[in-house]
Amino acid sequence: MTVLLKTENLKKYYRAKNHKAAGKKNGLLRAVDGVSFEIEKGTVFGVVGESGSGKSTIGRCILNLTRPTAGNTFYEGVNLGACGKKEWAALQRKMQVIFQNPYSSFNPLMTIGQSLQEVGRVHRMEKREIGERIAWLLEGIELPLDSLSRKPQELSGGQLQRFAIARSLVLKPDFILADEPVSALDVSVQAHVLNLLLSFKEKLGLTILFISHELAVVEHVCDTVAVVYLGKIMEIAPVDDLFGRMKHPYSRALISAKPKEHPLQNKERILLKGSPQDALDPPSGCRFAPRCPSRFGELCEKEVPVLKQVGNAHYAACHLYS
Amino acid sequence: MRTVQIPYTMFSEDRRSSQGGLGGASEGAQRLNELCPPELECLLLDIQGLRVDLMTARGVGYAVRGVDLEVKPGEVLGVVGESGCGKSVMAKAIVRLHDAGRTRYSGRILFSGRDVFAMREKELEAFRGGETGMIFQDPQSALNPILPVGEQIAETLRVKRGFSWKQARQETCELLEAVEIFPAEARYAQYPFEMSGGMLQRVMIAMAVSCKPKLLIADEPTTALDVTIQAQILDLLRRLNRQLGMSILLITHNFGVVAEICDRVAVMYAGRVVECGGVVDVFDAPAHPYTQALLNCVPKSGGGKNVLRSIPGTLPDLYQKFDQCLFAERCPHAGDACGAGAPKREGRGEGHVVYCSL
């Protein structure tokens, strides 16, 4: 398998405005703190974590929607941070994005058709080609042609999200960043949108970076999953390994918190104490140490664990395995 | 039908005696039997043919179209449905929280035998927050941003139970500890913006149970929270239910939450209850096509990469009146009987009812 996208030690720090009042060390908010992973071509790579863990920031940094503080992202071997304007424009065609809330990612003054054409126009596609492409995509998302003349607010969330998928595919990209694409939708609609996304993935051989906090969805959609906590990757594993044989105590707690599927299901529940630490003032050792049920002493509090291989394509950042 | 007054223990006493985690399911059932012997038909809340019409700029919206629902003392009843199915409108109607000028209620809501729609303003005030408590999806917007959280709980105690500030403060701290907010004294003085979403939801719960309500109405209490925090909050709700014998009407769109803490579940679609029964019965043998379809939409663990089954079509028009089955248009089993008249109520074993003509 070939690697399509690779990040190396990606970091994004924000300077907190009012750090003195907050009384925090140096006023740096470490949203993403040294994240490295590889995404193989044609697979769905999931990023799960709780809110504030930095999962969306990882996605935004990869697409350069926010400039990373440090670290590199390589797309087919090209360093995205160091490429020229022309090269970047060509790469943008190959990397597209779907956001969580379709109502805020469509221009309310444009009709859906205009929004879809706009993407092709900006990237200098031929008019006829744009039209053909949109017609083909409409068939794929199972919506009638006349819905193109509607405005976003006239459509339901599910319909609009299907258009968001179509819009992301107008330029024939190879890579899609899907940032919580179904979190705002009802289950019956969510199922439809996920089915569409996966069927396009099969048809077009897409590679998807799928960011979500919903474990059931991630388990259904992804091939490989990274678990993030406070800006750091805790574990990366093939999906079956993660949900069956997770190694990191945080992954175990997170997955055990997933609600039951059946009332009689007997589940071990690891209730974590408290809520995640502040990213302004993260623990000096392992980020998870203060809440970790398997913490075993000073090492956890002093030294930051690195990702170690613990199985086939399975990595965990925990002192238990070093 | 007879309504029985439920014995009520003091919050703090009860807390001390049953510290030490959750009891088993059988313990809950046993307690339920003690409170409410099966030979007696006793109901805490009895909703009969409730309709809620909302007057909007676009016309009359038929949000709740005839709901029959009952809550027994000490049980957790889940109400599931997708957005727009009327579950929140129904919950608010139980305490008559809708704007009276723009809402038309019909049907009856009996709470411990008293008709909520016949209550006077004074009586209603004591009923809201006294005998019932309510928590909402977004605690951030339910709390006053410029008052310390402790004071907001204490204010409730002063108004509803006539405490002095000193008493109220002490009781508030006990309540905060009961919902696992430590250290309570320091947290008392904090403002909502200083707390996380999970913490604020705990504050809301503390406030809602401060007057020892018999019924807690929880409208999507964990939807805005992360899974690990959701697990904590559900655990807390379950414990309060066990320790206080407080019934919970839990509104959610998540079947996982239902499986986690509910005793019975009612499935709503387009303003009507389509199926109601014990959780195990509904999960094992969903009788209504809508319930079946909804359960099929949920991705299952170990289900592999199978295509999920979605429900084709959209919700029926809110502004139109209907008699016939509202799901018929989207139903894979729909026949001639479905278009004619209201769906028949049918019993499926003990306490399991389904509204379907098939």
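Lettering of chains follows the sequences in order, A, B, ..., and the numbering in each one begins at 1. Given the structure is predicted, the values throughout are model-derived calculations rather than measurements.
- The parts of Leu254(A) that come within reach of chain B are both its backbone and its side chain, each placing non-hydrogen atoms under 4.5 angstrom from that chain.
- For Lys273(A), the part lying under 4.5 angstrom from a heavy atom of chain B is the backbone only.
- Tested against Val273(B), the residues Met268(B), Met90(B), Lys87(B) include a single side chain to side chain contact (heavy atoms under 4.5 Å, CB included) partner, Met268(B).
- When Leu272(A), Val187(A), Val193(A), Asn195(A) are compared by the number of non-hydrogen pairs under 4.5 Å with chain B, Asn195(A) comes out ahead.
- Under a 3.5 Å cut-off, the side chain of Gln137(B) and the backbone N or O of Asp219(B) do not form any donor-acceptor pair.
- Relative orientation of the Tyr290(B) and His288(B) rings is perpendicular, given thresholds of 30° and 60° on the angle between their planes.
- With chain A as partner, the option from Asp284(B), Val257(B), Ile261(B), Leu225(B) having the largest number of non-hydrogen pairs under 4.5 angstrom is Asp284(B).
- Counting heavy-atom pairs closer than 4.5 Å to chain B, the top-ranked of the candidates Pro263(A), Pro259(A), Ala191(A), Ala257(A) is Pro263(A).
- Arg162(A) is listed as a side-chain neighbour of His192(A), based on a closest heavy-atom distance under 4.5 Å.
- Neither the backbone nor the side chain of Asn296(B) comes within contact range of chain A; no heavy atoms are under 4.5 Å apart.
- Proximity to chain B (any heavy atom under 4.5 Å) is shown, for Ile270(A), by neither the backbone nor the side chain.
- A salt bridge is absent between Glu177(B) and Arg187(B): the closest approach of a Lys/Arg side-chain nitrogen to an acidic carboxylate oxygen does not fall below 4.0 angstrom.
- Ion pair Arg348(B)/Glu275(B) not flagged as a salt bridge, since none of the NZ, NE, NH1 or NH2 atoms sits closer than 4.0 Å to an Asp/Glu carboxylate oxygen.
- The side chain to side chain donor-acceptor pair (under 3.5 Å) test with Tyr250(A) is passed by exactly one of Arg291(A), Glu50(A), Glu235(A): Glu50(A).
- No other option in Gly256(B), Ala259(B), Ala231(B) has as many heavy-atom pairs under 4.5 Å with chain A as Ala259(B).
- The two residues Ile248(B) and Leu237(B) come nearest to each other via the heavy atoms CD1-O, 3.6 Å.
- Note: Ile311(B) leads Thr314(B), Asn254(B), Ile311(B) in heavy-atom pairs under 4.5 Å with chain A.
- Both the backbone and the side chain of Thr228(B) have a heavy atom closer than 4.5 Å to some heavy atom of chain A.
- Of the two parts of Gln190(A), only the side chain, counted from C-beta on, holds a non-hydrogen atom closer than 4.5 Å to a non-hydrogen atom of chain B.
- Within the 4.5 angstrom heavy-atom criterion, no atom of Glu180(B) approaches chain A.
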